[in-house]
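Order of listing sets the numbers, starting from 1, for every ligand and every atom in it.
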Amino acid sequence: MKILTPSQLHKADQYTIEHQKISSWELMERASLAAVEKIKAILKAPKPVTVLAGSGNNGGDGLAIAFHLDQLGYEVEVLVLKYTTEYSKDCKINFDRLQAKTEIKVEEFTEDSNIESLNFKPVIIDAVFGIGLNRALPEFVEKVIKKANHAQALRIAIDVPSGLFLSKLTPPQSIVFEADYTLTFQCPKLNFFLPDYGNALGKIQVIDIGLDKSFINKLDSDFEFVNKKYIDGFYKVRHRFSHKGDYGHLLVAGGQYGIMGSVSLTAKAALKSGVGKVTVLSPQCGVEILQHSVPEAMVIPSDDIEQVSPKHLNFKPSNICIGMGLGQSKLAVKSLTYFIRLSKQPILIDADGLNILSKNKNLFEDLPDQSILTPHQGELKRLIGEWGDQYDKLDKMKKFSRQYNIILVSKDAYTFTVYDDQVYINSTGNSGLATAGSGDALAGIISSFLCQNYSPLESSILGVYIHGKAADFYTTSNSELSLTASDVINCLGKTL
Ligand SMILES: NC(=O)C1=CN([C@@H]2O[C@H](COP(=O)(O)OP(=O)(O)OC[C@H]3O[C@@H](n4cnc5c(N)ncnc54)[C@H](OP(=O)(O)O)[C@@H]3O)[C@@H](O)[C@H]2O)[C@H](O)CC1
Ligand SMILES: [K+]
């Protein structure tokens with residue numbers, strides 16, 4: 001799903017209104033009715049609602065939502081935060097409809113109103129500002145939002161949590177509506193996925209409001225929101241008449257004394273993601289451990305008891321995955337160098353392998369094109385250097401990817417897969433993935449898809465998606481904090 005900017009969305013609005021021969025108010029009504037359906041599903045049964053409405057079109061949505069909830073028997077009150085003298089055209093239509101057709105108490109709140117007297121119902125719907133916010137919130141609006149954030153209420157934002165900027169980063173210390181749910185129209189927006197105010201979004205639900213698809217397809221965007229529809233576009237169905245040779249042979253190189261779990265998780269995750277065969281190059285101390293923990297994997301002992309070492313292989317791996325538990329000793333550097341030079345296919349480098357790369361940038365010259373690096377944020381900093389703000393980080397990641405022709409999987413609350421100028425933002429996963437071994441499993445999953453003839457970019461996008469989806473499956477019946485990397489691996493079979 002393409003991630004569009006506010007100006008692109010406004011253009012798509014206009015094009016749709018002209019080509020579907022509908023009025024802007026009808027488009028607003030369409031969006032609002034769809035939002036009401038989502039609100040009904042979230043609330044499960046009518047609950048008293050306070051709608052905070054602005055005087056623009058986001059406010060117009062709010063007044064339409066108030067009207068339709070009232071028609072459904074909800075107890076609704078409306079607070080209009082009059083931050084402009086005039087209502088937008090469509091907002092005014094909905095304001096008049098409320099007055100004419102309902103008994104709803106509509107209170108206009110301005111900078112002279114008394115904030116102390118303000119109370120909220122158990123559900124607060126934020127329709128104050130949407131994609132049109134373009135300067136700091138008026139102080140009285142800030143006060144209302146701050147009070148709403150402290151209320152004992154379920155908070156639902158319409159389109160954008162008010163106070164969140166979309167065309168620039170929201171300044172620190174800003175007041176932003178802290179939503180439990182954000183019902184956003186047509187597509188998510190880039191700033192939803194940045195750590196600055198990412199927690200203010202709550203659960204994001206995208207509502208397709210039928211903007212003209214042919215027009216949207218022609219729009220340029222560097223950002224793609226990866227959902228199941230996107231994955232279905234390239235996911236391969238397996239055929240009955242196939243054999244394990246069709247699904248590749250992965251070499252996993254890593255582990256050291258006391259950290260054998262890393263490669264064990266990687267090998268297991270690769271096997272549970274469909275690779276045909278896995279061989280682990282393991283320190284001698286880990287051979288028995290691996291033969292017990294991952295009987296499906298073959299094991300080659302390195303020449304060292306406690307560490308991996310360069311080793312002549314008696315087979316040609318389809319792809320190599322290296323770095324987890326590798327350590328950063330001289331022998332580890334030699335091993336990484338050896339396998340980078342040995343590999344003629346894209347190689348996946350994770351964990352200590354990345355830290356060695358950061359200190360030995362000359363190794364990039366030998367790195368096969370479209371190799372995959374899977375840093376967490378600390379490893380990313382060591383690779384691409386310190387960044388200023390989140391937009392600067394995005395630029396640095398794109399530049400790094402272009403400079404070395406590599407795919408960068410930046411693991412975070414929302415994992416960003418970066419290749420050249422394109423950024424793929426993953427839609428699955430949850431906070432439970434912030435746990436030991438989660439990255440080892442991801443490395444195995446991505447490498448497994450590499451061996452199954454997905455392109456390196458597809459392998460990265462698909463691997464990140466599946467990894468998160470497995471975690472989401474686990475947390476449908478378990479808490480996020482109880483998630484372990486082994487749970488992710490055990491739930492891989494439930495994905496797709
Ligand atoms: N295709 C869609 O996504 C649809 C979205 N809809 C809804 O429309 C809003 C966008 O409506 P818009 O009127 O463009 O913008 P807002 O409602 O967010 O803001 C209203 C105006 O307020 C002014 N503004 C901006 N910042 C401030 C501020 N800090 N203080 C005071 N006023 C401010 C600004 O106007 P200016 O002329 O003053 O610049 C805004 O335009 C979208 O989010 C959806 O909710 C449609 O309902 C359906 C299609
Ligand atoms: K809003």
message: With a 4.0 Å cut-off on heavy atoms, is Asn134 in contact with ligand 1?
response: yes
task: Indicate, with yes or no, if the rings of Phe193 and Phe225 have centres closer together than 6.0 Å.
output: yes
field: Residue of the set Tyr454, Tyr247, Tyr465 for which ring pair (Phe, Tyr, Trp, His ring centres under 6.0 Å) holds with Phe449
entry: Tyr454
Per-atom contacts, ligand 1 versus Pro138 - under 4.0 Å to a heavy atom: 29 (N), 30 (N)
message: Just checking: Ala157, one of its N/O/S atoms, less than 3.4 Å away from the K ion (ligand 2), yes or no?
response: no
message: Can you report which non-hydrogen protein atom sits closest to atom 42 (C) of ligand 1, along with the distance?
response: Asp159 OD2, 3.1 Å
- request: For the K ion (ligand 2), decide whether Asp159 has an N, O or S atom at a distance under 3.4 Å.
  value: no
- request: Could you give me the CA-CA distance, side-chain angles and deciding distance for Asp208 and Lys213, then say whether salt bridge (Lys or Arg N to Asp or Glu O under 4.0 Å) is met?
  value: CA-CA 10 Å; Asp208 185 337; Lys213 297 275 185 294; 2.9 Å; yes
- prompt: Counting N and O atoms only, with roles assigned by atom type, does the side chain of Thr50 sit under 3.5 Å from a partner on the main chain of Phe120, one being a donor and the other an acceptor?
  reply: no
field: Distance-only N or O hit between ligand 1 and Gly132, under 3.5 Å
entry: yes
task: Would you mind checking which non-hydrogen protein atom is closest to atom 10 (C) of ligand 1, with the distance to 0.1 Å?
output: Ile131 CG1, 3.6 Å
task: Angle at the K ion (ligand 2): provide the value between OD2 of Asp126 and OG of Ser162, rounding to 10 degrees.
output: 60°
- prompt: Cut-off 3.5 Å, side chains only: do His68 and Gln71 have a donor facing an acceptor?
  reply: no
message: Ignoring hydrogens, what is the shortest heavy-atom contact between Arg155 and Glu178? Give both atom names and the distance.
response: NE-O, 2.8 Å
query: From Phe129, does some N, O or S atom reach closer than 3.4 Å to the K ion (ligand 2)?
result: yes
Atom 35 (O) of ligand 1: any protein heavy atom closer than 4.0 Å: no
- prompt: Counting heavy atoms only, which of Ile209, Leu211, Asp61 is nearest atom 7 (C) of ligand 1?
  reply: Asp61
query: Between Arg135, Glu26, Lys11, which one has a non-hydrogen atom sitting closest to atom 38 (O) of ligand 1?
result: Arg135
- request: Give the residue, atom name and distance (to 0.1 Å) of the protein heavy atom nearest atom 20 (C) of ligand 1.
  value: Tyr83 OH, 3.6 Å
Modelled atom types, side-chain donor and acceptor of Gln377 and Ser410, under 3.5 Å: yes
task: Assess whether salt bridge (Lys or Arg N to Asp or Glu O under 4.0 Å) is satisfied between Glu458 and Lys236, documenting all intermediate values.
output: CA-CA 11 Å; Glu458 288 171 341; Lys236 295 181 199 149; 5.2 Å; no
- prompt: Counting heavy atoms only, which of Asp13, Leu4, Thr16 is nearest atom 1 (N) of ligand 1?
  reply: Asp13
query: Between Thr182 (side chain) and Ile204 (backbone), is there a donor-acceptor pair under 3.5 Å?
result: no
query: For residues Thr484 and Asp487, is any side-chain donor paired with an opposing acceptor at under 3.5 Å?
result: yes
- prompt: What protein heavy atom is closest to atom 19 (O) of ligand 1, reported as residue, atom name and distance in Å?
  reply: Phe129 CD2, 3.7 Å
task: Using distance alone, determine whether Ala136 and ligand 1 share an N or O pair under 3.5 Å.
output: yes
query: Where do Glu75 and Lys121 come nearest, in terms of heavy atoms and distance?
result: OE2-NZ, 2.8 Å
3.4 Å cut-off met by an N, O or S atom of Pro161 to the K ion (ligand 2): no
Thr84-ligand 1 polar pair, N/O distance under 3.5 Å: no
query: What atoms of ligand 1 come closer than 4.0 angstrom to any heavy atom of Leu133?
result: 18 (O), 25 (C), 26 (N), 29 (N)
statement: re atom 48 (C) of ligand 1, the protein heavy-atom contact at minimum distance is Met28 CA, 4.0 Å
- request: Classify the side-chain pair Thr102/Asp70 by whether it contains a donor and acceptor separated by less than 3.5 Å.
  value: no
- request: Considering heavy atoms of the protein only, find what lies nearest to atom 9 (C) of ligand 1 and give residue, atom and distance to 0.1 Å.
  value: Asn58 N, 3.6 Å
query: Will you find, in the side chains of Thr374 and Asp350, an N or O donor that is under 3.5 Å from an N or O acceptor?
result: yes
message: Test your reading of the model: is there a side-chain donor-acceptor pair from Ser438 to the backbone of Ala434, 3.5 Å cut-off?
response: no
Closest approach of any protein heavy atom to atom 5 (C) of ligand 1, naming residue and atom: Phe185 CD1, 4.2 Å
statement: Under 4.0 Å from one or more heavy atoms of His10, ligand 1 contributes atoms 14 (O)
statement: So for Asn57 against ligand 1, with non-hydrogen atoms under 4.0 Å, the contacting part is both
message: Can you see whether Ser482 engages Ser479 through a side-chain donor-acceptor pair at a distance of less than 3.5 angstrom?
response: yes
task: Enumerate the atoms of ligand 1 whose separation from the nearest heavy atom of Gly130 is less than 4.0 angstrom.
output: 16 (P), 18 (O), 43 (O)
